[in-house]
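This report concerns only the one structure given below.
Read the numbers this way: they start at 1 and go in the same order the structure lists the ligands and their atoms.
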Amino acid sequence: MSRDRYVVKGPQGVANRLEINDFIKNEAHFSLYVQALIKLQQKDQSEVDSFFQIGGIHGLPAAEWDPPRAPQGDARWLGYCTHEDVLFPTWHRPYMILMEQAIQEEAMKIAETYKPELKERFKKAALKLRQPYWDWAKNSVPPPEVISKDRLTIIVFNGEEGSVANPFRRYTFNPLVPSFGFPEPFDKWQTTLRHPRDETDPNTTENIDRLKSWMQCTQTDIRDKTYFMLFCVHTWPQFSNRTASNNSKDANHAPHDGPSVIRGNSVEAIHDAIHLNIGGGGHMADTNVAGFDPIFYMHHAQVDRLLSLWAFLNPDVWVTPSTSLNGTWTIPKGDPIDKNTDLTPFWNAQPEYWTSARIMDTASLGYTYPDFDRPLPGEPTGPLPTIIAENINRLYAGATFNKLLSQRAVAESQDSAAQLRVWEWTARIHVKKYEVGGSFSIPLFVGSVPENPEECTPESCGNCLTRLDNIVEGFAHLNNALLTRSGLESLESSDVMPYLKENLHWRAAKASGEAIELSRLPSLEVEVTATRLTLPPGSIFPVAEETIIYHEITEGKQGGARSGEA
Ligand SMILES: N[C@@H](Cc1ccc(O)cc1)C(=O)O
């Protein structure tokens, strides 16, 4: 039976998406969202706006979502989502407003059921209700309301407190059937899971302590990566996706860094690491089924917020033409893609599909972020770009920036024109993603290596999928570890080079934490660079002067630099 096309228009009105830690404090918003999410999760799995159908757009069950557009070609990737190409950040934007719209529609109905004295308040809250984002760059461990509480207390229709099963913690498939084609071990788990203890056990439990300690331990790494991406990445290929610069000459891939271009991660690379660390071998760690974990939506709202911030800082840059490396359910592998490519299956009201060109302005899609409200009461005023950049420094700048700031303060107090400079040490990791079959990461250690491979891996990068022979890249910023753990007097190469030669180590690990022999990753290449950063007078962000590659630090080690090779 045919049905009307589901128009993805986003929520009504325009309102801020809130950070999850603020969101849970907002009684009316939280109560409505929780009940709306429960409603979507309880809908029949065949309903177009059920949590199951929306979650299934991303990857499996590789079914068409509203209404048919024949799958094409020999697409390798059987979901609609785009990864490892220039559409990664923009495809997920209409995806998020679809969830936001479905939630708001339910929330409006729920608000109508509140007792008369509360109805207006809850209806107003429903109008302003938006998808919360989880700012993992600042709060890497999600609040208990998302990861550990089994039940949540909310204000229900009669104004009293009610206790409900926590819909942020998991989705229960209703039912789970073999035709979904879920790969092992997801074919036997009735609910989504984070950090499952035993992949072979259909009734396994979650190791939430491990989830917390992994997220806690990567906090500085995630923050530094986010900061460097925001201020030092300026091109769309480099910002949007993690395929490596030397993968091909295609514009899809980050260009070779020029001598003075510091290396930063793509938003996709940072996002991948969150998937793996939250999933820990569970649903979030696998693209096929990640969309079924309710945390996916607050994670991707953060990716979307970073897209908004980055685009604000780089106003003339948006999706550049390229080709689809992996293909999707509707885009054949190798097809050209650009800002006018249909972002299927999301129809807008015209009716046509949303495209990247049509979604630049989030206010027209019904939402914005508190970052753009600035200045907040009590904050200094000034031009918006300055305020936003200063806020990014306040939220995410780490050891390198603080060193530059203190140098600047000294120079200013002495009225001297001394040059302000800090070397930023960065490891660049390159690896073929198909090499071990399944996602993996390359944890780096500065100083001692913990004996237990499951232990905290504070600097890491390089996550991979099974799909193709693509080379992916990621960067790990080492200054924080050097300043806090090495005991070195300076960041000059005379100190750092010999130290890192001795003390920089890496491993490979599956998403579950299980170690992988480095000999199984012949393509792996870890290379260290140093970029000289300055903070010129009047500049809010550091500026890169030159980058030097130090092959000798990792050369000769397994997975180290191969100098002289192209
Ligand atoms: N599989 C990705 C991580 C990831 C997981 C789920 C996703 O939906 C997206 C990305 C990696 O190996 O890095």
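Contacts with ligand 1 closer than 4.0 Å are made by no heavy atom of A273, backbone or side chain. Contacts between H58 and ligand 1 below 4.0 angstrom, taking non-hydrogen atoms only, involve the side chain exclusively.
Of all atoms in ligand 1, listed by their number and element, those nearer than 4.0 Å to a heavy atom of A290 are 6 (C), 8 (O). Near M284, meaning under 4.0 Å from one of its heavy atoms, ligand 1 places the atoms 5 (C), 6 (C). With ligand atoms numbered from 1 in the order given, ligand 1 contributes 9 (C), 10 (C) to contacts under 4.0 Å with heavy atoms of H271.
If you look at F296 and Y171, their ring centroids are not closer than 6.0 Å.
Put simply, the side chain of E19 gets close to the backbone of D135: a donor and an acceptor are under 3.5 Å apart.
Residues forming a side chain to side chain contact (heavy atoms under 4.5 Å, CB included) with R520 (at least two apart in sequence, or on another chain): V436, I516, E517.
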Go through the steps for F182 and F292 under the test ring-ring contact (aromatic ring centres under 6.0 Å, His included), then give the verdict.
CA-CA 12 Å; F182 287 1; F292 297 113; 5.7 Å; yes

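Residue pairs meeting the salt bridge (Lys or Arg N to Asp or Glu O under 4.0 Å) criterion with at least one partner in residues 51-61, sequence neighbours excluded, do not occur; the list is empty.
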